[in-house]
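Each remark here refers to the structure printed beneath this line.
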Number of protein chains: 2
Amino acid sequence: MARTSGSHSGITGPKILQEALRLFAQDGYAAVSMRKIAAEVGVQAGALYNYTPDKQTLLFGLMRNHMQQLTEAWAEQPTDGGPKAQLERFVRFHIRFHHARRDEVFIAYMELRNLTPENFEIIEALRRGYENELESILKAGVASGDFSVPDTKIAAMALIAMITGVNTWFRETGRLSLEDVETIYWDMARKSVTG
Amino acid sequence: MARTSGSHSGITGPKILQEALRLFAQDGYAAVSMRKIAAEVGVQAGALYNYTPDKQTLLFGLMRNHMQQLTEAWAEQPTDGGPKAQLERFVRFHIRFHHARRDEVFIAYMELRNLTPENFEIIEALRRGYENELESILKAGVASGDFSVPDTKIAAMALIAMITGVNTWFRETGRLSLEDVETIYWDMARKSVTG
DNA sequence: GTCTATAAAAGGATAGAC
DNA sequence: GTCTATCCTTTTATAGAC
């Protein structure tokens, strides 16, 4: 029988991150209490403070981890091929990665205003770094003549918004597979920056 | 000298809506207290309840007003021209209207989860109605041969996300005018659904 | 229509026992 | 590492005076 007090399962730390992530995504940072997180983890509220100095640090850690994993995962992608191949790779990578981390993506966008100014700057820098990866592809494509866009910065923002939007409507149970969706978005993205 | 108590300015109602809108957009619904709203309006918290039965109704009213004004403003736009002219009109209208109401747009997207289930359904129905307007244009364009898209529903979601994203980065003080931006987005949208 | 006062609940965070 | 107990603040909403 499970112990109901003084438990030392050794996985409380990860469980706190997991439940905080889920609850922040579901109800919003400001609407989630430390007591609620503790209840989902299966401990009392005071125990949370063995793992985080405060609620803000919990939020910031989740967002920083996500943005770092995003940029690292992209850095591990192949870099061969011309601008068109790279853009297709970016579109498919972005849609797959963001679909696999719906809660993290949601929080990283919705909870920016609940970060302290210092933490906000760190997250924003990571975000800009990722956006610059896409703009670099577009710039290379303009230079090579593969793409035709009047402003690579705006085109990058437009494409990022478009493909991130998949998360707002796509469901596994729908009539299309994620790969189908990737292909449709890649087709629209490609056409929007060519000819 | 202004009265500091028992004031009857006659504009408290509109001011409550105005300050609630601003604060909800700035800090988030859950993070804004009735006391804070009252302080910005210049009354005590209890006075707010002469104008709204509770905080939830205040949020819902702001979101419903926005969605209704959006759909009504689109309904007043001209309907002449072919699918391409209509799509250009939609893109430019959407960008202009959403830029003019940044706070309302932000709340209508960010605070959906803070609506009661009944209120959520009402707002979602209004949103779907607006999205269907765009999809109708795409369907007409496919039927006429002006557009080539494999799935009008997905194309509509992709285009809406793209053009709504303008609000996340555009600033009046930047190097481009809003009309410049409209033109760039219309160009990308047009190409993404043609040839 | 607004104020003051207050009820009743919930919040973040800490102290000390085990 | 976790619990219980608690401090102190803040919250939404209401009651009744003016």
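As the structure is a computational prediction, the values presented were derived from the model and not from experiment. The chains referred to below are lettered A, B, ... by the order of the sequence lines, with proteins before strands, and numbering in each begins at 1.
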Rounding to a whole Å, what distance do you find between [X]:[atom1] and [N]:[atom2]?
X: A/M34; N: D/dT4; atom1: CE; atom2: P; result: 17 Å
X: B/Q56; N: D/dT11; atom1: CD; atom2: P; result: 18 Å
X: A/L48; N: C/dA15; atom1: CG; atom2: C1'; result: 16 Å

NZ/NE/NH1/NH2 to OD/OE distance under 4.0 Å, B/R127 and B/E124: yes
Ion pair check, A/R190 and A/D146, cut-off under 4.0 Å: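 Between A/D146 and A/R190 there is no salt bridge, as every charged N stays at least 4.0 Å from the carboxylate O atoms.
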Side-chain N,O (B/T12) to OP1/OP2 (C/dG1) below 4.0 Å: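 Looking at the OP1 and OP2 atoms of C/dG1, neither is under 4.0 Å from any side-chain N or O of B/T12.
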Below 4.0 Å: OP1/OP2 of D/dT11 and any side-chain N or O of B/S33: yes
Partner residues of A/R101 under the salt bridge (Lys or Arg N to Asp or Glu O under 4.0 Å) criterion, sequence neighbours left out: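 Partners of A/R101 under the salt bridge (Lys or Arg N to Asp or Glu O under 4.0 Å) test: none.
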So which nucleotide from [options] ends up closest to the side chain of [X]?
X: B/D54; options: D/dA13, D/dG1, C/dG11; value: D/dA13
X: A/Y51; options: C/dG1, D/dT2, C/dC3; value: D/dT2
X: B/K55; options: D/dA13, C/dC3, D/dT2; value: D/dA13
X: B/N50; options: C/dG1, C/dC3, C/dT14; value: C/dG1
X: B/Y49; options: D/dT2, C/dG12, D/dA13; value: D/dA13

All pairs passing salt bridge (charged side-chain N to carboxylate O under 4.0 Å, His left out) where residues 151-165 of chain B contributes a residue, at least two apart: A/R175-B/D151
Within residues 35-45 of chain A, residues whose heavy atoms come under 4.0 Å of DNA chain C: A/R35
Check: B/H94 ring centre within less than 6.0 Å of B/Y130 ring centre: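 Judged by ring-centre distance (under 6.0 Å), B/H94 and B/Y130 do meet the cut-off.
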A/E133: partners by side chain to side chain donor-acceptor pair (under 3.5 Å), with sequence neighbours left out: A/W74
Angle by which the axis turns from one end of the helix from C/dG1-D/dC18 to C/dC18-D/dG1 to the other, five pairs per end, to 10 degrees: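 The helix from C/dG1-D/dC18 to C/dC18-D/dG1 shows an end-to-end axis angle of 0°.
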Review item, side-chain donor-acceptor pairs of residues 18-32 of chain B, under 3.5 Å, at least two apart:
{"residue": "B/E19", "atom": "OE1", "partner": "B/R22", "partner atom": "NE", "Å": "3.0"}
{"residue": "B/E19", "atom": "OE1", "partner": "B/R22", "partner atom": "NH2", "Å": "2.9"}
{"residue": "B/R22", "atom": "NH2", "partner": "B/E40", "partner atom": "OE1", "Å": "2.7"}
{"residue": "B/Y29", "atom": "OH", "partner": "B/Q56", "partner atom": "N", "Å": "3.2"}

Test item: B/H98 and B/V166 side chains (from C-beta on) under 4.5 Å apart, heavy atoms: no
Steps toward side chain to side chain donor-acceptor pair (under 3.5 Å) verdict (A/D180, A/S177): CA-CA 5 Å; A/D180 293 336; A/S177 73; 3.2 Å; yes
